[in-house]
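Written out below as structure tokens is the structure these notes cover.
Note that ligands are numbered from 1 as they come in the structure, with each ligand's atoms numbered from 1 the same way. Note that these values count all heavy atoms, side chains included, but never hydrogens, waters or copies made by symmetry. Residues: numbered from 1 along the sequence shown.
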Amino acid sequence: MGQVTLEINGKSVQASQGITILQAAKSAGVEIPTLCDDGRLEPYGACRMCMVEIEKKGRTRLVASCLYPVEEGLSVQTESAKVTKIRKMLVELLWPAGQQYAKKYGVTRSRFATGMADCSLCGLCVRYCAEVKKSNALYFKGRGIDRKPALVDGPHATCSSCGECFSLCSGGWVVASRA
Ligand code: FES
């Protein structure tokens, strides 16, 4: 596979063609916050916490680094003013999962927190169960603000109670919903 050269935070980085900006940054020692990324799973692009600012042919835009592939000559800023402004908002909106980045972005509380374990819709539990466990014991139920992961029950139930989805849930929703 070919190599491309891009710039991440002003530093020249070589990366294999086809990998994402997030993967290239990780290899270069640059940490980008994520909530729905897991190296064992297909990229999902749900949380937008990994948003970065890219510059290409003189034009800048915001992209999800877990989905966007590296390109020759791309310039990436992982903590630009625009990016950090959005991340601060996401930390609040995706509370309590986003709370792990609260200190980094100077957020002390969320205006949107319900005070209970809540689901950030990162999909890690549903995707892990399907992609790694091949079990499909979880699915997304409902639409809009009512959308939540749910356990398939009844005659089609396939949950083996392995409990592996618990540790993936940074918001604590899975644990609370199974209690
Ligand atoms: S980690 Fe990229 S959108 Fe969630």
Side-chain angles (χ1 to χ4, degrees), residues 4 6-9 13 15-56 60-71 74-107 110 112-114 117-133 138-145 147-150 164-175 177:
V4 299
L6 67 157
E7 234 179 48
I8 301 181
N9 297 343
V13 170
S16 302
Q17 229 160 16
I19 72 168
T20 63
I21 292 174
L22 180 65
Q23 290 168 321
K26 211 175 267 182
S27 306
V30 177
E31 199 200 322
I32 298 175
T34 62
L35 285 179
C36 72
D37 181 69
D38 184 312
R40 295 166 295 183
L41 308 176
E42 286 296 314
Y44 191 54
C47 72
R48 303 326 245 195
M49 190 64 89
C50 69
M51 194 82 83
V52 294
E53 190 165 2
I54 60 165
E55 189 193 325
K56 197 171 147 184
T60 60
R61 59 191 267 233
L62 296 165
V63 298
S65 64
C66 69
L67 294 175
Y68 202 93
V70 292
E71 285 174 15
L74 205 62
S75 173
V76 180
Q77 291 294 329
T78 66
E79 299 287 343
S80 69
K82 264 189 203 163
V83 167
T84 52
K85 191 176 172 194
I86 291 170
R87 285 218 190 104
K88 271 177 196 247
M89 181 56 77
L90 287 172
V91 166
E92 283 197 66
L93 279 170
L94 301 175
W95 205 271
Q99 197 172 356
Q100 61 187 284
Y101 298 115
K103 199 172 168 200
K104 181 176 168 73
Y105 292 102
V107 177
S110 168
F112 314 104
T114 59
D118 209 350
C119 177
S120 64
L121 300 178
C122 69
L124 283 172
C125 58
V126 175
R127 292 150 56 217
Y128 182 84
C129 192
E131 294 178 35
V132 177
K133 302 297 289 184
L138 290 159
Y139 71 107
F140 276 114
K141 181 181 177 180
R143 288 169 178 270
I145 57 166
R147 187 169 159 84
K148 292 284 178 290
E164 289 170 36
C165 54
F166 289 13
S167 61
L168 297 170
C169 183
S170 51
W173 186 87
V174 173
V175 178
S177 69

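- Against a heavy-atom cut-off of under 4.0 Å, Asp37 is close to the following atoms of ligand 1: 1 (S).
- For atom 3 (S) of ligand 1, the closest non-hydrogen atom on the protein side is Arg48 N, 3.2 Å.
- Listed here is the closest heavy atom pair of Cys66 and Cys50: N-SG, 3.4 Å.
- Atom 2 (Fe) of ligand 1 lies at the vertex of an angle of 100° between the SG atom of Cys66 and the SG atom of Cys50 (rounded to 10°).
- The atoms of ligand 1 that sit less than 4.0 Å from any heavy atom of Cys47 are 1 (S), 3 (S), 4 (Fe).
- Counting only N and O atoms by type, the side chains of Glu55 and Ser75 include no donor and acceptor under 3.5 Å apart.
- Close contacts between ligand 1 and Ala46 involve ligand atoms 3 (S) [criterion: under 4.0 Å to a heavy atom].
- Taking a 6.0 Å sphere around NZ of Lys85, one finds it holds 12 or fewer heavy atoms contributed by other residues, nucleotides or ligands.
- Contact detail for Ala15 and Ile19: the closest heavy-atom pair is CB-CD1, 3.8 Å.
- Distances from atom 4 (Fe) of ligand 1 show that Cys36 has an N/O/S atom below 2.8 Å.
- For the 3.5 Å distance criterion, the side chains of Glu92 and Tyr105 fail to qualify, holding no donor opposite an acceptor.
- Contacts between Ser65 and ligand 1 below 4.0 angstrom, taking non-hydrogen atoms only, are absent altogether.
- For the pair Gln23 (side chain) and Thr20 (backbone), a donor-acceptor distance under 3.5 Å is present.
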